[in-house]
**Student:** 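One structure coming up, written as structure tokens, with questions to follow.
Each chain gets a letter, A, B and so on, in the order its sequence line appears, and its residues count up from 1.
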Amino acid sequence: MTTVRLSDDALAIACGADAVADAFAAAGCAVERVSSWGMHWLEPLVEIAGLGFGPVAPADVPAILHGASDKAIGPIAEHPFIARQQRLTFARAGRTRPLSLEDYAVTGGWAGLTRARALAPGDVIGQVIQSGLRGRGGAGFPTGVKWKTVAEAPGSRKYVVCNADEGDSGTFADRMLMEGDPFAVIEGMAIAAHAVGAQRGYIYVRSEYPHAIAKLNRALEICAPIIAPCRIEVRVGAGAYICGEETAMLASIEGRRGEVRAKPPLPAISGLFGCPTAINNVLTLTALPHIMAEGGAEEYARLGIDRSRGTKPIQLAGNIRHGGLYETAFGITLRELIHEIGGGTASGRPVRAVQVGGPLGAYIPPAQFDLPFDYEAFAAADALIGHGGVVVFDDTADMRAQARFAMAFCAAESCGKCTPCRLGAVRGVELIDRIAASARLPDPVGALAQMHNAPKVARTRDQDLALLDDLCETMRFGSLCALGGFTHYPVQSALKHWPEDFA
Amino acid sequence: MSRADRIAALIAAAGACEGPLLPVLHAVQAEFGCIDREAEALIADALNLSRAEVHGVASFYHDFRAEADPRPEVQLCRAEACQARGCEALVPAAEAAAAGRVRLTTVYCLGLCSVGPNARIGDTLHARLDEAALVRLIETA
Ligand SMILES: Cc1cc2nc3c(=O)[nH]c(=O)nc-3n(C[C@H](O)[C@H](O)[C@H](O)COP(=O)(O)O)c2cc1C
Ligand code: SF4
Ligand code: FES
């Protein structure tokens, strides 16, 4: 009997994988549901004896089984998109059944945890520091240093929290791991728990990811005896982007409004329920089983450039021909990613802009595509890597509309704690709308009688643009967290590189 | 079972954990489609909170509603990666198709950003939508 493998990842299912699986089963094949290879333009991607076919519709099934399909792409593992990658965190992608303990164990699963548990917690932290691993959730903080603080903090009750809120548009790496390799996420958490001395862990998953929630819950049931005495539970978010921020996330788990709080105290000292808490992104935690395996830390530290060590799962999204998951060592340029690997835009039109790092990331023009993927290089160019999402826009993009959206998103998702973000974002939308409306209207608030010092005539466009710039600076320096504090990145980069859209 | 008994049962089932409020609110929202004043009062009582605290939390999160809406809901992703793939151009036709019978709502990212425009109905996801496909989804929702 022919064995057919295809993914049960949410993206493959959304593209019709279930109907394809049914069609193969009806044709008498054994169907195995595995994780996704991450070549999203080919989903549903079918594998038969190592050979790939995609994107497959149920009608393609007879031709594939008769060896005469025009959907054939040859051996999947040798496809240039896969062969060029350096997959450590995503080593199992496309190759294993997500909930099979057997598949997990034969591909090196639990080796990192077993080795970590044989070491003293301090030595585990030493290995993580040696690997150079930095937080993959956005801020890039050295993971081992954070753990050291938690381990040394006084208190017998400690927690590990996995940040699986992945709210940034253009990112799906966390989702793919939770759905495709849930045991690896859990193993990483169990390693973290051992290192910092935590007994319990929570995985906070956004409610927009029902498939990931189901997979994790099932995986936790299956592997509870393996990770014991560590206990891990899934908590489901409720549609608030701000709950990706660590202090808001802890408040949410505790059952409070997802409001950000000032630091210090750091969550590492006083986190969940007031106890020392290590909070890390899914990608950070899932890098750990590899790092803790024999020789893993040294290998990780050898990869990458400067202070950005190891590999980064990059997500190619938006208007791109070959979108998907691309894991590679730090240092690759945007040009390679977008043109060589991504194949340019899906629409076939020229690229106008890419936004890297989610809704708070800068828009980068083609002139800067030689920028290497590296935390410091991006910072020097007034941009950020964030969670590694790369969203491509073609030449039909209206950059003023994108700047307006950045403000509107900030207004919609603000937790409301501080004024520059809560009010500034609303004013930002109004201001960009006024710039867009060619009619020069006086500011309705400024026109009120009690606003004695406000000008009573309409501002010129230049004055409006200067005010927008000023507002961005106020939000940047006056906001408590990166939602208000980073919204200037998309807005000011759009203003700077595409001034013609604001004329 | 009366509604109050049912809510008490949901609280008992979902509330036996650390930080029980969000799991309880999710359970009540899933069963009744909203968290109304009666539910807030019962939850507050059971978890030893004030009703103001429960209301503060329930009203903070986009997923919780104060009133049930019997219409089917279609969530359309309108975040940046889907914008880059043309989701905004679908909105007028989608709104016309929904025409008050379907609740068309906006979601910011479903994690399918390389194959948009995307929509979610319940726990079912739909990708690579064009105008005709989205209108069909809304009409049959
Ligand atoms: C507005 C905002 C949203 C955030 N969203 C996420 C998120 O979705 N996922 C994530 O891992 N970190 C997010 N972060 C970063 C977290 O606060 C925190 O830095 C991270 O979880 C630490 O883990 P790491 O060191 O492994 O990166 C967000 C931060 C801010 C300010
Ligand atoms: S910047 Fe915005 S989201 Fe962050 S704490 Fe202030 S109000 Fe809340
Ligand atoms: S932006 Fe629409 S699914 Fe991510």
Side-chain angles (χ1 to χ4, degrees), chain A residues 10-11 13-15 40-41 43 166-172 174-176 200 207-212 233 235-241 243 252-259 272-273 315-320 323-324 346-347 355 358-359 389 391-394 397 401-402 405 409 412-413 415, chain B residues 14-15 17-27 29-30 35 43 47 49 53-65 75 77-89 105-116 118-129:
Chain A
L11 184 138
I13 293 173
C15 292
H40 291 164
W41 75 99
E43 291 287 2
E166 196 167 62
D168 290 0
S169 165
T171 63
F172 39 75
D174 294 353
R175 179 185 64 68
M176 286 182 65
R200 301 202 61 168
S207 61
E208 290 84 349
Y209 284 178
H211 297 75
E233 212 178 287
R235 279 302 161 89
V236 180
Y241 174 80
C243 287
S252 187
I253 298 174
E254 290 173 5
R256 296 186 285 119
R257 293 162 67 87
E259 271 175 13
L272 194 59
F273 304 109
Q315 298 122 95
L316 301 176
N319 196 334
I320 190 160
S347 59
Q355 186 180 31
V391 177
V392 179
F393 290 78
D394 72 9
Q402 297 310 128
F405 178 77
F409 182 80
E413 300 297 338
C415 83
Chain B
C17 58
E18 289 181 323
L21 187 49
L22 250 73
V24 166
L25 291 175
H26 270 302
Q29 169 73 38
I35 294 150
I43 294 168
L47 299 184
L49 298 167
E53 281 173 292
V54 176
H55 181 71
V57 174
S59 58
F60 180 87
Y61 295 95
H62 297 305
D63 282 4
F64 304 135
R65 302 176 51 84
Q75 295 182 311
C77 175
R78 294 176 69 177
E80 289 92 335
C82 283
Q83 292 168 11
R85 298 180 68 92
C87 70
E88 290 303 305
T105 52
T106 295
V107 60
Y108 292 130
C109 195
L110 295 166
L112 315 173
C113 320
S114 46
V115 291
N118 305 311
R120 175 179 175 184
I121 304 173
D123 282 347
T124 310
L125 301 170
H126 302 269
R128 296 186 183 136
L129 295 170

**Student:** Go through the atoms of B/His126 and report whether side chain, backbone, both or neither lie under 4.5 Å from a heavy atom of chain A.
**Tutor:** backbone
**Student:** Which residues pass the side-chain hydrogen bond (donor to acceptor under 3.5 Å, both in side chains) test with A/Glu254, not counting sequence neighbours?
**Tutor:** A/Arg256
**Student:** Examine distances only and state if a side-chain atom of B/His26 and a backbone atom of A/Gly237 form a donor-acceptor pair shorter than 3.5 Å.
**Tutor:** yes
**Student:** Hey, does the side chain of A/Glu413 reach the backbone of A/Tyr241 with a donor-acceptor pair shorter than 3.5 angstrom?
**Tutor:** yes
**Student:** Can you tell me which portion of A/Phe409 sits under 4.5 Å from chain B's heavy atoms? Options are side chain, backbone, both or neither.
**Tutor:** side chain
**Student:** Which bit of A/Ser207 is near chain B, if near means a heavy-atom gap under 4.5 Å: side chain, backbone, both or neither?
**Tutor:** both
**Student:** Output all residues satisfying side-chain hydrogen bond (donor to acceptor under 3.5 Å, both in side chains) with B/Glu18, sequence neighbours left out; order by chain, then residue number.
**Tutor:** A/Tyr159, A/Tyr202
**Student:** Are any side-chain N or O atoms of A/Glu208 and backbone N or O atoms of B/Cys109, one a donor and one an acceptor, separated by less than 3.5 Å?
**Tutor:** no
**Student:** Looking only at atom types and distance, does a side-chain atom of B/Thr106 sit under 3.5 Å from a main-chain N or O of B/Arg78, one as donor and one as acceptor?
**Tutor:** no
**Student:** For A/Val391 and A/Ile320, run side-chain contact (heavy atoms from CB on, under 4.5 Å): C-alpha distance rounded to whole Å, both residues' side-chain angles, the deciding distance at 0.1 Å, then the answer.
**Tutor:** CA-CA 8 Å; A/Val391 177; A/Ile320 190 160; over 6 Å; no
**Student:** Could you tell me which portion of A/Gln402 (side chain, backbone, both or neither) has an atom closer than 4.5 angstrom to a non-hydrogen atom of chain B?
**Tutor:** side chain
**Student:** In terms of heavy-atom pairs under 4.5 Å, which option from A/Glu43, A/Met176, A/Glu233 contacts chain B the most?
**Tutor:** A/Glu43
**Student:** Pick one of side chain, backbone, both or neither for A/Leu11, based on which atoms fall under 4.5 Å of a heavy atom in chain B.
**Tutor:** both
**Student:** Looking at chain B, which one of A/Ala401, A/Gly258, A/Gly255 has the largest number of heavy-atom pairs inside 4.5 Å, strictly under?
**Tutor:** A/Gly258
**Student:** With respect to chain B, which residue among A/Gly323, A/Gly324, A/Cys15, A/Ala240 yields the maximal number of heavy-atom pairs within a distance under 4.5 Å?
**Tutor:** A/Cys15
**Student:** Taking all non-hydrogen atoms of both residues into account, name the closest pair between B/Ala58 and B/Ile35 and its distance.
**Tutor:** CB-CG2, 4.4 Å
**Student:** Specify which of A/Ala397, A/Ser347, A/Gly389, A/Pro210 makes the most heavy-atom pairs with chain B at under 4.5 Å.
**Tutor:** A/Pro210
**Student:** Between A/Cys243 and chain B, which part of the residue has a heavy atom less than 4.5 Å away: side chain, backbone, both or neither?
**Tutor:** side chain
**Student:** Report which part of A/Asp394 has an atom under 4.5 Å of a heavy atom belonging to chain B: side chain, backbone, both, or neither.
**Tutor:** neither
**Student:** Looking at A/Arg200, A/Arg235, A/Glu166, A/Gln355, which one has more heavy-atom pairs under 4.5 Å with chain B than the rest?
**Tutor:** A/Arg235
**Student:** Do you know which of B/Val107, B/Leu21, B/Leu112 has the most heavy-atom pairs under 4.5 Å to chain A?
**Tutor:** B/Leu112
**Student:** Between A/Arg175 (side chain) and B/Gly111 (backbone), is there a donor-acceptor pair under 3.5 Å?
**Tutor:** yes
**Student:** Checking B/Tyr108 against A/Phe405 for the ring-ring contact (aromatic ring centres under 6.0 Å, His included) test, could you report, in this order, the C-alpha distance in whole Å, the side-chain angles of both residues, the deciding distance, and whether it holds?
**Tutor:** CA-CA 11 Å; B/Tyr108 292 130; A/Phe405 178 77; 5.5 Å; yes
**Student:** If you count heavy-atom pairs under 4.5 Å between each of A/Gly358, A/Ala238, A/Ser252, A/Ala346 and chain B, which one has the most?
**Tutor:** A/Ala238
**Student:** Heavy-atom pairs under 4.5 Å with chain A - which of B/Arg85, B/His62, B/Glu80 has more of them than the others?
**Tutor:** B/Glu80
